[in-house]
A.B. asks: 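After the structure tokens below, expect a handful of questions from me.
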2 protein chains.
Amino acid sequence: MNHIDKLVEHLRRKIKLTDRDIGLISDSFKLKELKKKEILLFAGDRSTHMRFITKGCLRSYYIGEDAKEHIQQFGIEDWWINDLYSYITDTVAKQFIQAVEDSYILQIHKKRLNELYVEIPLFEHFFRIKFERAYVSLQERTINSMSKSAEERYLEFRSKHRSIEQRVPQYMVASYLGVTPEFLSKLRRKMGS
Amino acid sequence: MNHIDKLVEHLRRKIKLTDRDIGLISDSFKLKELKKKEILLFAGDRSTHMRFITKGCLRSYYIGEDAKEHIQQFGIEDWWINDLYSYITDTVAKQFIQAVEDSYILQIHKKRLNELYVEIPLFEHFFRIKFERAYVSLQERTINSMSKSAEERYLEFRSKHRSIEQRVPQYMVASYLGVTPEFLSKLRRKMGS
DNA sequence: TCAAAAACTTATCCTAGGTTAATATAGATA
DNA sequence: TATCTATATTAACCTAGGATAAGTTTTTGA
């Protein structure tokens, strides 16, 4: 299955698309190949595209005032990844987006996406729902990070995202959970595995 | 200025509305009065309405596994307040919404709002942007809570939301910041005020 | 106007998680 | 195959913030 087909199948799980719609979509999204460690978006630049992963694994992270990396999100096949903050508000990104493995993404420019909202009204509907879901999962993450212990967060991450845990180095999981790699290591020993 | 006028003015800052639109809106939103401490939404119920504050001050909070209240959001005049998670996903709310002062809100049922999206297309546009902003401010909050100290978060809260700080008890600010009232008290003394 | 309740402070002791630094192990690449 | 570089672990010690338990002050409402 080619890259555009993956995107179309993803969209079709939520909205109906005509052949005309698919033509518009094919012409609007551009494929980009990324080598492991390649950076797709730099903090300081503006995020002008919406991005859909068709293959591989990426992460978004920001550099805190402590000069350390904090991972905000992982993304694998069939996920969208972005610095939504920058994209939405047209401000410079605070986050980097980097390929953790060799990857492929399909991206569409914001300007073109806004046109598509008009050309395909269900597309705006799709993205309203997408932003709602993004909000929901961010809220879960916020609540978790504020009211659960690192051990609880780790257990939850393992059960929800086992496939990601197996693809990224452990220090990135630690960063995602908001603890040091040393502490995660300590936890793992304590938990017996 | 009456309650509906406040809502209309709020909407007009973002989208154009015809007289017909305003008629539809007036008929769709219902006014609700709340006495101080009255609970608008109970955890365990479903949040079936979108809610706009025309007067007063409310808070949303959940009871953590530690059996303590964690405030997620404050809202004052001209803000929307909700358990968006419950509203969006049609699941039972994890949060309570309670009046901190005597308040008035305008609320619209989700079913009716979805109809309005069709009757007034700009309304869906308005709410897409609203969800985007909700996402953005939640992301700021998450990043803050994970990478800043309680003291930094308190200073930021004070400068961004002085008007709220003056209207709610200090233990609620502590809860919003994710610290105990005792610790906030300690901080305030250390900071000299 | 005066109890009772709500909010705030202080002090002591305690713990989750951080820091630093040294060592171990595993991939990669020449 | 040997060597670099990226990960992961361990251990000793440190700190931000929590728990508990008294107080004190402020607000409320009969």
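Below, read A as the first sequence line, B as the second, and so on, with proteins coming before strands; counting in each chain starts at 1.
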A.B. asks: Could you walk me through whether A/Ile63 and A/Glu69 pass side-chain contact (heavy atoms from CB on, under 4.5 Å), step by step?
C.D. replies: CA-CA 5 Å; A/Ile63 310 278; A/Glu69 293 179 3; 3.8 Å; yes

A.B. asks: Just call it for B/Phe183: base, sugar-phosphate, or nothing, with non-hydrogen atoms closer than 4.0 Å on any strand.
C.D. replies: base

A.B. asks: So if you build clusters from Ile, Leu, Val, Met, Phe, Trp, Tyr with side-chain heavy-atom gaps below 4.5 Å, do A/Leu138 and B/Tyr61 land together?
C.D. replies: no

A.B. asks: Do the rings of A/Tyr117 and A/Phe123 sit parallel, tilted or perpendicular, given the 30° and 60° boundaries?
C.D. replies: tilted

A.B. asks: Do the side-chain N or O atoms of A/Gln170 get closer than 4.0 angstrom to the phosphate oxygens (OP1, OP2) of D/dT9?
C.D. replies: yes

A.B. asks: Quick one: which of C/dA7, D/dT9, D/dA8 gets closest to the side chain of B/Tyr171?
C.D. replies: C/dA7

A.B. asks: Between C/dA16 atom P and A/Tyr154 atom OH, what is the distance in whole Å?
C.D. replies: 19 Å

A.B. asks: Give one of base, sugar-phosphate or nothing for A/Lys36, where a contact means two heavy atoms less than 4.0 Å apart.
C.D. replies: nothing

A.B. asks: C/dG18 base to A/Lys68 side chain: any donor-acceptor pair below 3.5 Å?
C.D. replies: no

A.B. asks: Between C/dA16 atom P and A/Lys186 atom NZ, what is the distance in whole Å?
C.D. replies: 10 Å

A.B. asks: Looking only at the side chain of A/Lys37 (C-beta and beyond, no hydrogens), which of the listed nucleotides D/dT20, C/dT19, D/dT7 gets closest?
C.D. replies: D/dT7

A.B. asks: Please report, rounded to the nearest Å, how far the P atom of D/dA6 is from the CD atom of A/Gln98.
C.D. replies: 12 Å

A.B. asks: Taking the side chain of A/Ser185 as its heavy atoms from C-beta onward, which of D/dT9, D/dG17, D/dA12 lies nearest to it?
C.D. replies: D/dT9

A.B. asks: Mind checking whether B/Tyr176 and B/His161 have parallel, tilted or perpendicular rings, split at 30° and 60°?
C.D. replies: perpendicular

A.B. asks: Take atom NZ of A/Lys148 and atom C1' of C/dG17, then tell me their distance rounded to the nearest Å.
C.D. replies: 19 Å

A.B. asks: Given D/dG18, C/dT9, C/dG17, which nucleotide is nearest the side-chain atoms of B/Arg188?
C.D. replies: C/dT9

A.B. asks: Roughly how many Å is it from CE in A/Met172 to P in D/dA6, rounded to a whole number?
C.D. replies: 12 Å

A.B. asks: Which nucleotide in the list D/dG18, C/dT10, C/dG17 gets nearest to the side chain of A/Arg153?
C.D. replies: C/dG17

A.B. asks: Is any side-chain N or O of B/Arg189 closer than 4.0 Å to OP1 or OP2 of C/dT9?
C.D. replies: no

A.B. asks: Could you tell me the separation between the NZ atom of A/Lys190 and the P atom of C/dA16, rounded to a whole number of Å?
C.D. replies: 7 Å

A.B. asks: Between atom CE in B/Met146 and atom P in C/dG17, what is the gap in whole Å?
C.D. replies: 11 Å

A.B. asks: Starting the side chain at C-beta, find the nucleotide from C/dG17, D/dG18, C/dA11 nearest to B/Val179.
C.D. replies: D/dG18

A.B. asks: Any ion pair linking B/Glu156 and B/Arg141 (charged N to carboxylate O, less than 4.0 Å)?
C.D. replies: no

A.B. asks: Roughly, in whole Å, what's the span from CG in A/Leu184 to C1' in D/dA8?
C.D. replies: 10 Å

A.B. asks: From C-beta outward on B/Thr180, which listed nucleotide comes closest to its side chain: C/dT9, D/dG18, D/dT9?
C.D. replies: D/dG18

